[in-house]
*Asks:* 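This is the structure, below, for whatever I ask next.
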Amino acid sequence: GPIPYFLLAGMRALTGDIFTAGNWLLFLLGLSGGISFLAFRRRLGFVPAFAGGVLFVMLPDNIRVAFADGNLPRTAASALLPLAFYFLLRTLEGGGRRNIILLAAAIGVMVLTHAMMAAIFLVGMGLFAVVFWFTARPNFRRVADALAGMVVGVLVSAWWLVPSLSGGAT
């Protein structure tokens with residue numbers, strides 16, 4: 001997707017060097033992915049949420065993808081996953097238009113960072129929503145709202161997704 005490259009170009013404009021820009025971008029993506037775990041602090045407590053963020057940053061696959069593969073789009077999509085999951089959980093538990101919109105925005109940005117990783121994450125999040133429906137027995141409307149929020153997120157990014165799937169590399 002285009003977003004990681006726009007971020008890299010912006011970082012290069014700030015630093016003046018593409019290699020320094022890449023290092024800063026990887027640092028900021030890891031930091032944002034880890035910090036987004038703090039959104040779960042009310043549910044888990046500060047220490048477990050903080051520990052989850054630290055473990056997320058140090059996850060061997062995240063480190064390999066960022067530094068060995070140099071895959072900026074996948075690193076950016078992974079950094080967005082905890083926040084997207086948080087909004088999914090908030091939508092499933094309490095609903096609310098704000099959570100649905102934030103879920104759609106997170107999914108839309110995720111698709112614009114790495115379409116294939118977004119597809120994989122969406123399958124997992126969709127399965128989570130269905131399992132949550134069967135186990136926690138929430139109102140079906142909340143599950144439908146969560147699924148609709150994910151679909152809207154994909155539709156918001158369709159201006160880039162459809163042309164990229166019909167001829168360009170992603």
*Asks:* If we check side chain to side chain contact (heavy atoms under 4.5 Å, CB included) with Phe121, which of these qualifies: Leu81, Val111, Ile107?
*Replies:* Leu81

*Asks:* Hey, does Pro73 have a side-chain heavy atom less than 4.5 Å from the side chain of Tyr5?
*Replies:*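 Yes. Closest side-chain heavy atoms under 4.5 Å.
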
*Asks:* With rounding to the nearest 0.5 angstrom, report the CZ to CG distance, Phe87 to Leu102.
*Replies:* 4.0 Å

*Asks:* Look at the side-chain heavy atoms of Ile, Leu, Val, Met, Phe, Trp and Tyr, link any pair under 4.5 Å apart, and say whether Phe132 and Phe134 land in one connected group.
*Replies:*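 Result: yes, single cluster for both.
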
*Asks:* Decide whether Val65 and Leu8 are clustered together by the hydrophobic rule: side chain heavy atoms of Ile, Leu, Val, Met, Phe, Trp, Tyr closer than 4.5 Å, transitively.
*Replies:*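 Val65 and Leu8: separate clusters.
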
*Asks:* Does Leu72 share a hydrophobic cluster with Phe67, counting links as ILVMFWY side-chain heavy atoms below 4.5 Å and allowing steps through other members?
*Replies:* yes

*Asks:* Counting only heavy atoms not in Phe128, do more than 12 fall under 6.0 Å of its CZ?
*Replies:*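 Yes, the 6.0 Å shell around CZ holds more than 12 heavy atoms from other groups.
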
*Asks:* I want to check something: taking the side chain as every heavy atom from C-beta on, are Leu89 and Phe40 in contact at a cut-off of under 4.5 Å?
*Replies:*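 The answer is yes; the side chains approach within 4.5 Å.
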
*Asks:* Between Asp69 (side chain) and Asn71 (backbone), is there a donor-acceptor pair under 3.5 Å?
*Replies:*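 The answer is no, because no donor-acceptor pair under 3.5 Å joins these two groups.
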
*Asks:* Run the side-chain donor-acceptor check on residues 12-25: report pairs under 3.5 Å with partners two or more places apart or on a different chain.
*Replies:*
| unit_1 | atom_1 | unit_2 | atom_2 | d |
| --- | --- | --- | --- | --- |
| Thr15 | OG1 | Met11 | O | 3.0 |
| Thr15 | OG1 | Asp17 | N | 3.4 |
| Thr15 | OG1 | Asp17 | O | 3.0 |
| Asp17 | OD2 | Thr20 | N | 3.1 |
| Asp17 | OD2 | Thr20 | OG1 | 2.8 |
| Asn23 | ND2 | Phe19 | O | 3.4 |

*Asks:* Closest heavy-atom contact between Gly126 and Leu147?
*Replies:*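 Heavy atoms only, the tightest pair is CA-CD2, 4.2 Å.
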
*Asks:* Hey, any chance Val154 and Trp159 share a hydrophobic cluster, counting ILVMFWY side chains that come within less than 4.5 Å of each other, even indirectly?
*Replies:*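 Linked within one cluster.
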
*Asks:* By salt bridge (charged side-chain N to carboxylate O under 4.0 Å, His left out), which residues pair with Arg41, not counting sequence neighbours?
*Replies:*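 Not a single residue meets the salt bridge (charged side-chain N to carboxylate O under 4.0 Å, His left out) criterion with Arg41.
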
*Asks:* Show me the donor-acceptor pairs within less than 3.5 Å that the side chains of residues 52-63 make with the rest of the protein, sequence neighbours left out.
*Replies:*
| unit_1 | atom_1 | unit_2 | atom_2 | d |
| --- | --- | --- | --- | --- |
| Asp61 | OD1 | Arg64 | NH2 | 2.6 |
| Asp61 | OD2 | Arg74 | NH2 | 2.9 |
| Asn62 | ND2 | Phe56 | O | 3.0 |

*Asks:* Would you mind reporting whether Val130 and Val143 have side-chain heavy atoms less than 4.5 Å apart?
*Replies:*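 They are not in side-chain contact.
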
*Asks:* Which atoms form the tightest heavy-atom contact between Ala39 and Tyr86, and what is the distance?
*Replies:*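 Closest approach of Ala39 to Tyr86, heavy atoms only: O-CE1, 3.1 Å.
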
*Asks:* When you group the ILVMFWY residues by side-chain heavy-atom contacts below 4.5 Å and let the links chain together, are Leu155 and Val109 in the same group?
*Replies:* no

*Asks:* Anything under 30° is parallel, anything over 60° is perpendicular, the rest tilted; go ahead and classify Trp133 against Phe140.
*Replies:* tilted

*Asks:* Nearest 0.5 Å, what's the CD1-CE distance between Ile3 and Met110?
*Replies:* 11.0 Å

*Asks:* Out of curiosity, Leu83 CG to Phe37 CZ, how far, rounded to the nearest 0.5 Å?
*Replies:*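 Spacing of CG (Leu83) from CZ (Phe37) equals 10.5 Å.
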
*Asks:* How far does CG of Asn139 sit from CG of Asp145, to the nearest 0.5 angstrom?
*Replies:* 8.5 Å

*Asks:* Does the side chain to side chain contact (heavy atoms under 4.5 Å, CB included) test come out yes or no for Arg98 and Ile101, once each step is laid out?
*Replies:* CA-CA 5 Å; Arg98 177 176 173 255; Ile101 291 169; 5.9 Å; no

*Asks:* For Ala79 versus Ser32, what's the shortest heavy-atom pair and its separation?
*Replies:*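 So the two residues come closest at CB-OG, 4.0 Å.
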
*Asks:* Under a 4.5 Å cut-off applied to non-hydrogen side-chain atoms, are Leu103 and Met150 in contact?
*Replies:*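 Side chain of Leu103 against side chain of Met150, heavy atoms only: contact under 4.5 Å found.
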
*Asks:* Checking the side chain of Ser78 only, and the main-chain atoms of Thr75 only, is there a donor and an acceptor separated by less than 3.5 Å?
*Replies:*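 Here the side-chain-to-backbone pair does not exist.
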
*Asks:* Please round to the nearest 0.5 Å and tell me the distance separating atom CG of Leu29 and atom CG of Leu80.
*Replies:* 8.0 Å

*Asks:* Around atom CZ of Arg142, are there more than 12 heavy atoms from other residues, nucleotides or ligands closer than 6.0 Å?
*Replies:* yes

*Asks:* Tell me, with the steps shown, if Phe85 and Leu88 meet side chain to side chain contact (heavy atoms under 4.5 Å, CB included).
*Replies:* CA-CA 5 Å; Phe85 184 77; Leu88 171 66; 4.1 Å; yes

*Asks:* Of all the heavy-atom pairs spanning Ala104 and Val152, show the shortest one and how long it is.
*Replies:* CB-CG1, 3.9 Å

*Asks:* Do Leu44 and Phe50 come close enough that some side-chain heavy atom pair is under 4.5 Å?
*Replies:* no

*Asks:* Mind listing the closest non-hydrogen atom pair of His114 and Met117 along with its distance?
*Replies:* ND1-N, 3.1 Å

